[in-house]
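Inspection log for the structure reproduced underneath, given as structure tokens.
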Amino acid sequence: MSSMRTLDELIVESPVFAGLGQEELELVAGCGKNIAMDAGERLFREGDDANTFFLVRAGLVSLETYVPNRGQVTVVTCGPGEIVGWSWLVPPNKWRLSARVVESVRAVEFDGACLRRKCEEIPELGYVLLSRFAGDLADHLTAAYMQVLDVYGDGSR
Amino acid sequence: MATAVVNEIAAARGAMTPLPYRVVRKQRENHDNWTLVLEPVDEAIEPIAPGQFTMLYVFGVGEVPISTSGDLEREGDALVHTIRAVGAVTNALCASDPGDVVGVRGPFGNTWPIAEAHGRDLVVVGGGVGLPPLRPIVYDALRHRDEFERIVVLYGGRSPDDLLFTKELAAWGKQVDVDVTVDAAGKEWDGKVGVVTKLIPPAPFDPETAVCYVVGPEIMMRFTARALIDRGVAPERVWVSMERTMRCGVGLCGHCQLGPTLICRDGPVYRWDELAPLLEVPEL
């Protein structure tokens, strides 16, 4: 019970879970576990089944894709407080990108299948979580717009 | 009234005459940015302050507005400008060598209200070549460290090769909070990738009190101001530095007009809540 409490306290610090009720937090935390990974390790690989996601507590994770003639290209990095992975939520539940640890990571790893089941059983929880992840995705989309705009470039790209 | 107008015109005429400055040092910052240190050949312009700019004239080529990027308490009469080689004049400036002479007019414009941040957290957000105009604030803050609470420097660049002042950022990072990100990077980069606004939510400052100074491309400043406000910073504590086509520097020619304001005269530093409505008008 005490470790469950600890996990509740950890995840509520993330903007995605901040403000959730205690019951909702416990439901979410019930699908999570603490993990630690070293630099260079992979969290997941593009194309694989996406049944997990991560709340980064410390360290840095790189989201990457392979570009012919350029190799692995980092699209974005995620640090403390950020969520890594949303493909667990959206069919066909396959990773769109690969994720690699850049700086040793401590994170909460969530079992996406477990959480999907809970969301189906408790639609209120599903709605709240979907709203939160939609907000997170909107932030990523806004950031992607800025990257596409190449605001520091001379317009040549 | 007539006398005042005559005096204003006379002062403006004086401000239109460039003074000769010699390039005494030149430092390459990255593939397309150089820092020039200029010293007066004879007479010096009035002391320049953080946020202000000069018009740098390459004889026979043209004139451009460039903000000061130096440590103003250390430089004395010398001027420090970091310049990106993007056009005819800036290419000529960046191609100049120690010993060459350029013309200098100014200083023009208003200054960063650094005192607003005294006793508070100071947050500096630079994007691309927006970092040089902010560097005098950081120098000032580090020199007068006790005047501020936390000092946070956030910097975003296009790629690792485009970052400016990397050694200095590392040195600042030992004294204050510095965070850097790039929009795109290859395998060789082990730092953060993503837009500069991503640095704002986790940055260690108190949004209730922080005073924020932002420089970068206009669209970057819009996104950044929005992210700061989302974090809880009041719009009146967000300051930005604007750039338009400054020509005369003294509010006569109108080239840098933005609605009711002339950036060379009334700016380039603006409070966000006063500037934002103007940026929402596409025709401006």
Side-chain angles (χ1 to χ4, degrees), chain A residues 13-16 18 38-40 55-84 97-105 135-157, chain B residues 30-33 84-87 90-91 125-131 154-164 179-204 214-224 226-227 230-232:
Chain A
E13 289 170 7
S14 163
V16 171
D38 293 327
L55 166 60
V56 180
R57 294 175 49 214
L60 194 65
V61 173
S62 157
L63 291 173
E64 306 172 335
T65 191
Y66 180 78
V67 181
N69 301 321
R70 289 173 62 189
Q72 287 294 132
V73 173
T74 300
V75 177
V76 71
T77 52
C78 297
E82 291 189 86
I83 293 288
V84 174
L97 297 168
S98 298
R100 179 177 57 87
V101 176
V102 180
E103 290 170 12
S104 295
V105 156
D136 194 51
L137 280 172
D139 289 342
H140 279 284
L141 195 58
T142 303
Y145 291 155
M146 271 183 82
Q147 282 175 304
V148 169
L149 286 168
D150 189 20
V151 294
Y152 308 125
D154 55 8
S156 60
R157 189 157 80 186
Chain B
N30 64 16
H31 61 96
D32 61 354
N33 281 267
R84 184 183 185 193
V86 287
T90 50
N91 269 303
V125 189
V129 292
L131 187 59
L154 307 177
Y155 179 40
R158 191 187 195 209
S159 75
D161 290 341
D162 291 296
L163 293 176
L164 293 168
D179 209 355
V180 177
T181 187
V182 295
D183 279 6
K187 282 185 292 191
E188 74 290 350
W189 173 252
D190 60 1
K192 293 184 178 176
V193 178
V195 292
V196 71
T197 49
K198 272 193 63 143
L199 303 180
I200 291 170
V214 183
V215 185
E218 199 169 303
I219 189 160
M220 169 265 175
M221 293 196 291
R222 272 165 43 200
F223 279 104
T224 300
R226 204 177 295 160
D230 286 348
R231 171 85 191 263

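Below, chain A is the first sequence line, B the second, and so on; all start at residue 1.
Annotation: side chain of B:D183 is in contact with side chain of A:Y152 (closest heavy-atom distance under 4.5 Å). Inter-residue side-chain proximity for A:T142 and B:F223 is flagged as met; some heavy-atom pair is nearer than 4.5 Å.
Of all heavy-atom pairs spanning A:V151 and B:P217, the tightest one is O-CG, 3.1 Å.
Neither the backbone nor the side chain of A:V67 comes within less than 4.5 Å of any heavy atom of chain B. Heavy atoms of A:V102 lying under 4.5 Å from chain B belong exclusively to its side chain. Within the 4.5 angstrom heavy-atom criterion, no atom of A:L63 approaches chain B.
One distance of note links CG of A:D150 with CZ of B:R158; it measures 4.0 Å at 0.5 Å rounding. Of the inter-residue distances, the one linking B:K192 atom NZ with A:C78 atom SG reads 10.5 Å to the nearest 0.5 angstrom.
Considering only heavy-atom pairs separated by less than 4.5 Å from chain A, the leading option among B:G130, B:P202, B:G157 is B:G157.
Remark: side-chain polar atoms of A:T77 are paired, donor with acceptor, to backbone N or O of B:V193 under 3.5 angstrom.
For A:E82, the side chain to side chain donor-acceptor pair (under 3.5 Å) partners are B:K198, not counting sequence neighbours.
Annotation for A:Y145: atom OH does not count as buried by contact number, only 12 or fewer foreign heavy atoms lying within 6.0 Å.
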